[in-house]
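Everything on this sheet refers to the single structure shown next.
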Amino acid sequence: MPQETLAIRARGLRKRFSSRTGAVDAVNGLDLEVRAGECFGLLGPNGAGKTTTIEILEGLLVPTSGEVEVLGRRWDAHPDDLRQRLGISLQETRFAEKLGVEETLDLFRSFYRQGIEPARVMELVSLTEKRRAWVGKLSGGQKQRLAVACALVGDPELLFLDEPTTGLDPQSRRQLWEVIRDIRGRGRTVLLTTHYMDEAERLCDRVAVVDHGRVIAMGSPAELIARLGGDHVVEFALNGGTAGVAGAGAGEGAGTGTGADAGTAPARAPSEARLLALPAVRAARIEADGIALTVTEPHVTIPALLELLRSEGAILARLTTRHVSLEDVFVLLTGRHLRDDDGASA
């Protein structure tokens, strides 16, 4: 790929932190390319290294080793030029509590040689009615929108948004989606981290999944989903729960969930091998609240599954079908749901 088409290029990126227990590689040989004009999602469990990666790209951290170019520039050679061309919304931003919303945006606008008028930015993020309100009086969601507004006021060529919709109500979240789409529609580049898989699917042209300091998968959401080998997921649960699933590592006392008669152990669910042998099944995943089968033809799998459960004496408590999502890809690659790590340090 020609270098001039890249907004971000990272090669062999490493960041090592020292601690009392020894050195920790938060980023461990990460390679990344973000094309100019795309919305790119960076996904990963907390502790995977994505926040450290973003802070290096933003010029907030110096890498231990590796190469980084942002908009064709390097932080050690062109720091002032890059600061004028970037917009950054951090995961948590602290503002002066007794400044007004418009005053805060006027202050941030003064940092840039050119940009967007604060009145227009307030309109974009639905803060016009709060223009004279003190920042300290804003709700959490309103402060989050103000942080995004401060990132937009310089009319950046490259916008970093670290979990921008966390804490927003559904309407504000969708309004911000439209802002991001508008930015991308004007040929600007957006690097987005999010804990919402539907957000990444809707907004991102491509995503990278980061784990243990490396990119372990990259492509468009559709490309990553296609790698699962099925278009649908059949999810089901049995009376008594799934702790008794053969091969699931259940311990003693498992299978005492709702639906089983008192003092009667629920029927053991089919083994993973038997589930994988069902027609049109491509993968089987056993979770705490049920079993998920990735399938190509649910109308073929479901009758065979019901017959198998009947033969095993298992009683079905729940069965649903849905399309494969980016969440399924994430779980397959990392072994965890992204939401399972909420609240931990990244």
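Side chains included, hydrogens not; waters and symmetry mates left out as well; all remaining heavy atoms used. Numbers here simply count residues along the sequence, with the first being 1.
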What pairs of donor and acceptor atoms, side-chain ones from residues 114-127 against any protein atom, are under 3.5 angstrom apart with sequence neighbours left out?
unit_1	atom_1	unit_2	atom_2	d
Ser126	OG	Gln175	OE1	2.9

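One N or O on the side chain of Thr189 and one on the backbone of Gly37 form a donor-acceptor pair closer than 3.5 Å. Side-chain N or O atoms of Arg109 include one that pairs as donor or acceptor with a backbone N or O of Tyr112 at under 3.5 Å. One N or O on the side chain of Asp31 and one on the backbone of Gly12 form a donor-acceptor pair closer than 3.5 Å. Side-chain atoms of Thr193 come within 3.5 Å of backbone atoms of Glu163 as a donor-acceptor pair (strictly under, hydrogens ignored). No side-chain donor-acceptor contact under 3.5 Å links Asp211 to the backbone of Ala48. A side-chain donor-acceptor contact under 3.5 Å links Thr301 to the backbone of Pro279. Between the Glu199 side chain and the Tyr196 main chain, no donor and acceptor come within less than 3.5 Å of each other. Between the Glu201 side chain and the Leu326 main chain, a donor and an acceptor come within less than 3.5 Å of each other. Between the side chain of Thr93 and the main chain of Ala147, no donor-acceptor pair closer than 3.5 Å is present.
Between Arg14 and the options Thr64, Asn28, Asp25, a side-chain hydrogen bond (donor to acceptor under 3.5 Å, both in side chains) holds for only Asn28.
Put simply, the side chain of Arg282 does not reach to within 4.5 Å of the side chain of Val295, judged on heavy atoms. Counting heavy atoms from C-beta on, the side chains of Leu305 and Leu275 come closer than 4.5 Å.
Counting non-hydrogen atoms of neighbouring residues, nucleotides and ligands closer than 6.0 angstrom, the CZ atom of Arg74 reaches no more than 12 such neighbours. When the shell of 6.0 Å around CD of Glu97 is examined, it contains more than 12 heavy atoms from other residues, nucleotides or ligands.
Residues forming a side chain to side chain donor-acceptor pair (under 3.5 Å) with Arg188 (at least two apart in sequence, or on another chain): Asp155.
Here Asp205 does not pair with Arg35 in a salt bridge; the nearest charged N to carboxylate O distance is not below 4.0 Å.
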_Stepwise side-chain contact (heavy atoms from CB on, under 4.5 Å) check, Arg214 with Leu30_ = CA-CA 5 Å; Arg214 292 176 177 267; Leu30 182 140; 5.6 Å; no
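The distance from the CG atom of Leu333 to the CZ atom of Arg227 is 8.0 Å, given to the nearest 0.5 Å.
Sorted by first and then second residue, the side chain to side chain donor-acceptor pair (under 3.5 Å) pairs with a member in residues 130-151 read Glu102-Arg131, Ser139-Gln142; sequence neighbours excluded.
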